[in-house]
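The next block holds one structure in the form of structure tokens; read it before the comments.
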Amino acid sequence: MRISKLFSKTLREVPADAETEGHRLLIRSGMIAPISAGVYAYMPLGLRVVHRIQSIIREEMDREGPDGRAGQELLMSSLVPIEYYERSGRDHVMADILFRLTDHHDRDFALGPTHEEVFVDVFKRNVQSYRELPLMLYQIATKFRDEPRPRGGLIRLRQFIMKDLYSFDADQEGLDVSYQMMFDAYVRVFERCGVPVIPALADSGAMGGRDTHEFLYLTDIGEDHCLLCPKCGYAANAEVATFVKEPASAGEEPKPLEEIDTPGLTTIEALADHLGVPKSKTCKAVFYTASYGDEHGGTREDPVLVAIRGDMDVNESKLKNALGAIDLRYMEEGAVNRAGFVAGSASAVGLENMKVVADELVVQERNLVAGANKMDKHLLNVNHDRDWKADIVADIALAAGGTLCSNCQTPMDERRGIEMGQVFKLGTKYSEAFEAFFLDAEGQQRPAVMGSYGIGIERLLAAIVEDNRDESGIIWPRELAPYDVHVVGLQVEKPEVRAAAETLTAELESAGLSVLFDDREESPGVKFNDADLLGMPLRATVSPRNLDKGSVELRRRGSDENELVPTDVAVEEIKARLAG
RNA sequence: CGGGGUGUAGCUCAGUCAGGUUAGAGCGCACGGUUCGGGACCGUGAGGUCGGCGGUUCGAAUCCGCCCACCCCGACCA
């Protein structure tokens, strides 16, 4: 490819709204172009990278497992009749992000945000016997999610490409094999793409199911929080991370309840300061509105009081799971007051007609300070069982940096990350909803046991650039670069230079390498800067100076060392360097 | 959905507070010339419904109202 003919241009100045350095480089290099909020177009160079990422993913998905099972690629529709999502109930669970449209017969469709329903339906229509299992089906396709707020360049998009694979096994043991195969395949994909990831325990959210890991690329620009144990390697998304909870009142005997005046003290900090007790000796109450799906496909809402020790925060994912709710909304102070409670002085003591969820630790504590449910009053020596009772006791506390690892009691680090991919053990949720049954060896009908496994291509691309760059531009990993070699001709208006550069380019292409040839009549600075920005692994400079020495000059992207090689062996030398 | 910010040439921005000739700069682009190893220089030139609609005014990029788009923080998030 000649740069003089290349459609996309490099930019000297960056569009002002580019957020992260990687995002800036992708736009400046002309790889991607913004179209709308959370929507991008791929320009020629960017698309070549995407194709190479997809090739790597295909190779790893198609790789055979020990029993011969392997991924098979197919392509589903993006346009999905809404009945599919109604059948799984996800027209409600994912209502906020579902792009919906109506055809001219008034039939409702969604632009597929994820395809469990469609895959299980196709599975059902094609598989009847356990002899056909296991199956692993996947596609690389565009997904649509009407995100309330796209952000961070390619991090949260409304339209993106995803590789989604679905495994169908006869039983749980089979699913375990599929899951492990995918887990290992993901490790290899990220490794080959030059992106360091950490597999972390995660929440299954709207997917449903049990075990799930997400692959996190650790970076400050990430929007997920995770906890890492530096000693034993425990890694978990903050949504599910557990930690050691140490009682603050071990061995205390319950003391009599006592009401005290606390004028104007409405925060745990102020209260603890005023009373001279640590926050861990208080119990705070937080109000939520929980929504549940009902049998008729609708929803009902209930208020919930959450009791947790004053020094901890509520983990809304854990709370949602403990309640079995499909949605959870934090109740603002105004709404709490309107509901008849006293925000800032609330507790479960004397409370009736409201569901109370307590963290497992707070019910063990003795003699806590808690709200009296009266303005400017609090209670001393509040004890669970004697003074109040929780309807649900569960771990609902948010792990923070510095809390102790539940495996090995080491203080954990809290880091931010981008979720590159996630693997789920779905079980039979979708196969039962769609009656995707097969006959087992005994002639019994059984639902397929499913897993689902996704990789977000744009997030992967963003992480690749974020992790493979310097101050001048992108440094593509060898396997991902849009072109293998960047041939720079200096003073190409001189016939001998142009001829030599053309010859080198043609010979490299004959040798099976892809070449980006800078044939523009530009000054050297412009060309070198563009070569650095675009980031091909190897640069070959043809110039009058090098021609005089009968040489071509090679430079590896990311290095500042030039190397002269004789023109007649240049192709061999270049191939050797790319291989090594 | 709440809060904040921004919309002027292909890109980055000035001009808006304090209304007043043909709305500016740099980069990019076209043409001519001089250069040539890390975003060179000189000259000439093309390029704008100042986000949209409405209003105030003799006169609006500038003031007022409504709307739209994009970005950030939060809510949300497979």
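So that the names make sense, note that chain A is the first sequence line, chain B the second, and so on, each numbered from 1.
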Residues passing the side-chain hydrogen bond (donor to acceptor under 3.5 Å, both in side chains) test with A:Asn468, sequence neighbours excluded, are none
Is a salt bridge present between A:Glu117 and A:Arg90, judged by a nitrogen-to-oxygen distance below 4.0 Å?
-> yes
Integer angstrom distance from the P of B:C50 to that of B:G7 = 15 Å
Among A:Lys9, A:Arg520, A:Arg28, salt bridge (Lys or Arg N to Asp or Glu O under 4.0 Å) partner for A:Asp530 = A:Arg520
Residues A:Asp519, A:Arg2: salt bridge by 4.0 Å N-O rule = yes
Using a heavy-atom cut-off of under 4.0 Å over every strand shown, decide if A:Gly152 touches base, sugar-phosphate, or nothing.
-> sugar-phosphate
Could you state the CD-P distance from A:Glu13 to B:G10, rounded to the nearest angstrom?
-> 15 Å
Scan side-chain atoms only and decide if A:Asn321 and A:Asp203 contain a donor-acceptor pair under the 3.5 Å cut-off.
-> yes
If you measure from the C1' atom in B:A75 to the same atom in B:U56, how many Å do you get, rounded?
-> 39 Å
Base, sugar-phosphate alone, or nothing: which one does A:Phe160 contact when heavy atoms must sit under 4.0 Å apart?
-> base
With respect to the phosphate group of B:C73, does any side-chain polar atom (N or O) of A:Arg149 fall under 4.0 Å of OP1 or OP2?
-> yes
Nucleotide opposite B:C36 in a Watson-Crick or G-U pair, distances under 3.5 Å | none
Does a nitrogen or oxygen in the side chain of A:Lys320 sit under 4.0 Å from OP1 or OP2 of B:C77?
-> yes
Using a heavy-atom cut-off of under 4.0 Å over every strand shown, decide if A:Arg156 touches base, sugar-phosphate, or nothing.
-> base
Any pair with a residue in residues 317-328 of chain A that passes salt bridge (charged side-chain N to carboxylate O under 4.0 Å, His left out), sequence neighbours left out, goes on the list, sorted by first then second residue, please.
-> A:Lys318-A:Asp395
What nucleic acid atoms does A:Pro148 come within less than 4.0 Å of, heavy atoms only: base, sugar-phosphate, or nothing?
-> base
Rounded C1' spacing from B:G45 to B:C17 in Å = 36 Å
Quick one, give me the B/S/- string for nucleotides 34-43 of chain B, reading 5' to 3', where B means a protein heavy atom under 4.0 Å from the base and S means that only happens at the primed atoms, P, OP1 or OP2.
-> --BBBBS---
